[in-house]
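Here the structure comes first, spelled out in structure tokens, and everything after it is commentary.
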2 protein chains.
Amino acid sequence: MSTIVDVCKLAGVSKATVSRVINGNGPVKESTRHTVYSAMEQLGYRPNTVARALATNETSTLGFVVSDFNGIHFGLLLKQASASTEAANKQLLVTDGHNDPDKEYEAIRKIEGSCDAIVLYSRTPTDAHINQLAKQLTVPLVVMNRLAPNPLCHVIAFDQQGAVEMMVDYLVSCGHSKIACITGTLNNPTGQARLAGYKNSLLAHGMAFDQELVVYGEYFIESGYRACKELIDKGVDFTAMVAFNDHMAFGALKALSEVGISVPEQVSIIGIDDDPTSSFSSPTLTTVELPIEKMTKHAIELALALTKDKKTPSFHLYTGRLIKRESVIPCADDI
Amino acid sequence: MSTIVDVCKLAGVSKATVSRVINGNGPVKESTRHTVYSAMEQLGYRPNTVARALATNETSTLGFVVSDFNGIHFGLLLKQASASTEAANKQLLVTDGHNDPDKEYEAIRKIEGSCDAIVLYSRTPTDAHINQLAKQLTVPLVVMNRLAPNPLCHVIAFDQQGAVEMMVDYLVSCGHSKIACITGTLNNPTGQARLAGYKNSLLAHGMAFDQELVVYGEYFIESGYRACKELIDKGVDFTAMVAFNDHMAFGALKALSEVGISVPEQVSIIGIDDDPTSSFSSPTLTTVELPIEKMTKHAIELALALTKDKKTPSFHLYTGRLIKRESVIPCADDI
DNA sequence: CTGTTAGCGCCTTCAG
DNA sequence: CTGAAGGCGCTAACAG
């Protein structure tokens with residue numbers, strides 16, 4: 001690989017001049033600029049990224065950490081992240097947090113030195129983790145998927161509780177009162193907020209919270225299947241069901257159809273995510289859409305901006321949107 | 001951020017010594033090693049990744065390029081890629097090729113300088129693209145998803161044609177003869193090989209290829225829906241259907257159910273991918289599983305090995321595995 | 001076992 | 001408008 005010195009020799013100029021034409025800054029006479037260009041071309045010269053990073057103290061890459069590469073929104077998330085990053089002519093360094101706050105912490109500290117800012121999309125870390133990170137990190141941090149503002153870092157949030165409230169409200173407005181719930185993992189803020197939304201909406205409608213109607217899921221399709229089966233096996237009576245994501249709703253659909261319970265005639269179902277498959281299940285799934293792409297775009301752009309100049313920590317809340325499809329209808333038991 | 005010099009001063013030793021304890025190479029007296037360690041700790045010192053990369057000419061990161069972040073296997077792929085990479089204590093620099101060979105080429109040239117080897121998982125590039133890359137790249141290249149050996153780079157391949165042959169063979173063995181086909185995009189080797197598999201298997205069974213039975217899809221669920229609808233609208237007669245991936249099969253399932261054609265009683269369907277959802281559709285989907293994780297692991301490990309010492313280009317072929325579920329049954333028309 | 005001395009390839013004042 | 005020189009932080013011979 002040829003270096004800047006090779007270009008210097010061939011073009012008969014100094015490193016400074018070559019550097020100027022590479023970076024398009026500083027004044028260079030048109031003619032010398034030209035000779036330098038052709039020298040570079042002749043040599044197939046490409047500036048060394050690493051050397052440049054060392055000299056400028058800028059890597060021109062953005063770190064992106066997700067809790068688990070195999071997560072639901074992952075494709076969209078990275079698609080958008082990559083688009084926004086490339087639009088700014090930067091690179092994306094992505095890392096998997098392995099759904100474990102400690103591993104995630106390690107992962108972040110590891111990539112810290114290779115990027116100019118970090119965006120964290122994760123469900124696992126506690127506030128303590130985040131705070132520690134924000135304090136230790138030498139690069140700006142933008143956190144997605146937190147529930148509350150943080151005095152130490154910027155957060156792009158989604159109103160998890162509000163989304164589930166929206167779902168339950170809708171079911172109630174359709175006359176349902178026996179509303180089952182398949183939760184997600186409850187050991188993190190997202191799951192907890194969603195469950196709070198479920199309880200809260202019931203409460204708001206003067207309905208009692210019944211533990212028996214609640215089964216535990218883990219966001220995967222199988223866990224929705226299993227959870228719903230559990231409900232059926234226990235003989236719990238319900239006319240509607242809230243699933244903490246679309247995939248689990250699909251699993252529930254399967255469990256219900258296996259025992260001959262028809263959706264939506266006997267049971268209405270609603271999910272969250274607006275997974276692409278939701279328009280193609282039978283019946284099509286009523287759900288709440290998360291503005292993942294908008295949020296991601298925002299996060300990346302914020303992170304990019306922070307590499308230029310720090311701002312005081314901000315908080316941005318996004319909300320979901322109800323998408324009505326076939327899986328919810330008025331309650332048949334309704335009197 | 002403290003540098004190696006700060007550690008030197010505090011520990012009262014030279015840079016060389018500090019470097020030795022950091023890298024655990026070269027002899028260092030136990031006691032001085034200890035003082036250096038505590039100095040580092042006291043300062044919260046962390047070696048500068050970029051500087052080290054410049055000095056060693058090794059970035060300890062691996063480039064991974066996918067044709068599209070929002071692709072089907074993407075989650076699993078990156079999950080495995082990240083696992084293998086981290087196992088080797090390296091980082092993953094991923095890039096989206098935007099389903100366009102030229103953009104992809106640019107993307108690769110761009111990350112080239114930031115990694116020690118590159119793994120390319122893509123459908124779009126032609127052999128010419130690959131060859132050009134292999135020639136120009138200054139780091140080793142491992143390509144996944146090619147169909148044939150390449151004299152210039154290592155390839156980890158999947159037997160696309162064989163997979164579809166397997167599918168058609170199975171349908172034929174079930175007595176089907178009017179077998180429709182929803183293709184994927186046909187402007188790349190994968191789609192072409194799969195279509196060749198379809199034709200080839202028919203031929204092998206002495207059956208004629210009928211263009212009317214073939215509709216064009218683009219791997220998304222909607223395109224499967226649309227393609228199947230097209231078939232139905234045209235009044236084409238078929239008792240079985242091959243879809244070039246599971247998602248399109250789901251779309252087809254929807255289209256069929258909308259017009260009251262029951263699967264598998266009236267039409268059998270088979271897909272490729274073994275998508276997690278395939279066990280939960282109604283009916284569950286017969287499909288061919290791709291050993292994506294194995295292939296990815298292999299690719300990463302090979303790439304990692306190549307950073308140590310180059311080997312002469314190799315070719316590794318993986319094959320699919322038929323997974324029988326409910327969506328295929330013997331042909332009713334069978335006499 | 002440890003220190004000295006060059007670089008790695010580029011950017012960036014500061015002179016001219 | 002251009003060149004010289006120092007430095008980014010670390011590694012790696014080479015001496016001692």
Side-chain angles (χ1 to χ4, degrees), chain A residues 1-37 39-40 43-61 91 110-116 138-139 307, chain B residues 1-40 43-61 89 91 110-116 138-139 307:
Chain A
M1 213 54 218
S2 53
T3 77
I4 198 173
V5 185
D6 301 319
V7 179
C8 292
K9 286 180 189 155
L10 188 57
V13 298
S14 73
K15 290 200 289 177
T17 302
V18 176
S19 177
R20 287 192 190 98
V21 351
I22 292 174
N23 297 295
N25 57 7
V28 180
K29 207 200 304 174
E30 188 51 37
S31 62
T32 76
R33 175 191 311 281
H34 187 71
T35 48
V36 170
Y37 265 133
M40 294 199 300
L43 292 166
Y45 169 75
R46 332 190 82 224
N48 181 310
T49 316
V50 175
R52 188 192 294 216
L54 181 58
T56 59
N57 197 29
E58 279 184 11
T59 62
S60 84
T61 107
Q91 291 168 181
K110 219 172 221 168
I111 63 167
E112 174 183 10
S114 315
C115 48
D116 302 331
T138 55
V139 296
T307 64
Chain B
M1 211 56 217
S2 53
T3 77
I4 199 173
V5 185
D6 301 318
V7 179
C8 291
K9 287 180 189 154
L10 187 58
V13 297
S14 72
K15 290 200 290 176
T17 301
V18 175
S19 175
R20 286 191 192 100
V21 350
I22 291 173
N23 297 293
N25 56 8
V28 180
K29 208 201 302 174
E30 188 51 37
S31 62
T32 75
R33 175 190 313 280
H34 186 71
T35 46
V36 171
Y37 265 132
S38 56
M40 295 199 299
L43 293 167
Y45 168 75
R46 333 191 82 223
N48 180 310
T49 315
V50 176
R52 188 192 293 214
L54 181 58
T56 58
N57 197 27
E58 281 185 8
T59 61
S60 83
T61 106
N89 211 14
Q91 291 168 181
K110 218 172 222 168
I111 64 169
E112 173 182 10
S114 315
C115 48
D116 302 331
T138 56
V139 297
T307 64

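Order of the sequence lines fixes the chain letters, A, B, ..., with proteins taken first and strands second; residue numbering starts at 1 for each chain.
A close approach under 4.0 Å does occur between a side-chain nitrogen or oxygen of B/Thr32 and OP1 or OP2 of C/dT2. For D/dT11, the OP1/OP2 oxygens have no side-chain nitrogen or oxygen of B/Thr56 closer than 4.0 Å. Under 4.0 angstrom from either OP1 or OP2 of C/dG3 there lies at least one side-chain N or O belonging to B/Thr17. Residue B/Arg52 places no side-chain N or O under 4.0 Å from the OP1 or OP2 atom of D/dG9.
Of the candidates A/Val7, A/Leu10, A/Asp6, A/Met40 forms a side chain to side chain contact (heavy atoms under 4.5 Å, CB included) with just one, namely A/Val7.
By the neighbour-count criterion of 12 heavy atoms within 6.0 Å, atom CG of A/Asn23 is densely surrounded, having more than that number from other residues, nucleotides or ligands.
At least one donor-acceptor pair under 3.5 Å links the side chain of A/Glu112 to the backbone N or O of A/Thr138. Judged by distance alone, the side chain of B/Thr61 and the main-chain N or O of B/Ser114 form a donor-acceptor pair under 3.5 Å. For the pair B/Thr56 (side chain) and B/Arg52 (backbone), a donor-acceptor distance under 3.5 Å is present.
Separating the CD atom of A/Glu58 from the P atom of C/dC10 is a distance of 17 Å, rounded to the nearest angstrom. Atom CD1 in B/Ile4 sits roughly 14 Å away from atom P in C/dT4 (whole-Å rounding). Atom P of nucleotide C/dT12 and atom CG of A/Asn23 are separated by 7 Å, given to the nearest angstrom. In this structure, B/Lys15 places its NZ atom 19 Å from C1' of C/dC1, rounding to the nearest Å. Nucleotide D/dC8 holds its C1' atom 4 Å from the CG atom of A/Leu54, rounded to whole Å. For the pair A/Met40 CE and C/dC10 C1', the computed distance is 14 Å after rounding to whole Å. Per the geometry, CG belonging to A/Asn25 stands 13 Å off P belonging to D/dC1, to the nearest Å. As rounded to whole Å, 16 Å separates atom P of D/dC8 from atom CE of B/Met1.
When each of A/Ala16 and A/Ala55 is assigned the nucleotide of DNA chain D bearing its nearest heavy atom, the one mapping closer to the 5' terminus is A/Ala16. Nearer to the 5' terminus of DNA chain C, by closest-nucleotide assignment, is the contact made by B/Ser31 (compared with the other of B/Ser31 and A/Val5).
With distances taken from any side-chain atom of A/Ile22 to the nucleotides D/dC10, C/dC11, C/dC1, the minimum falls on C/dC11. In the set C/dT12, C/dC10, D/dC10, D/dC10 carries the atom at the smallest distance from any side-chain atom of B/Asn48. Distances were taken from every side-chain heavy atom of B/Val13 (C-beta onward) to each of C/dG3, D/dG3, C/dC10; the shortest belongs to C/dG3. The side chain of B/Ala51 lies closest to D/dG9 when the candidates are C/dT2, D/dG9, D/dA12.
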Decide side chain to side chain donor-acceptor pair (under 3.5 Å) for A/Thr307 and A/Glu58; before the verdict, give the C-alpha distance in whole Å, the side-chain angles of both, and the deciding distance to 0.1 Å. CA-CA 9 Å; A/Thr307 64; A/Glu58 279 184 11; over 6 Å; no
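At the heavy-atom level, B/Asn57 lies nowhere under 4.0 Å from the strands shown. Residue contacts for A/Thr3: at a heavy-atom cut-off of 4.0 Å it reaches the sugar-phosphate backbone alone, with no base atom in range.
The base of D/dG3 sits within donor-acceptor range of the side chain of A/Arg20, with an N or O pair under 3.5 Å.
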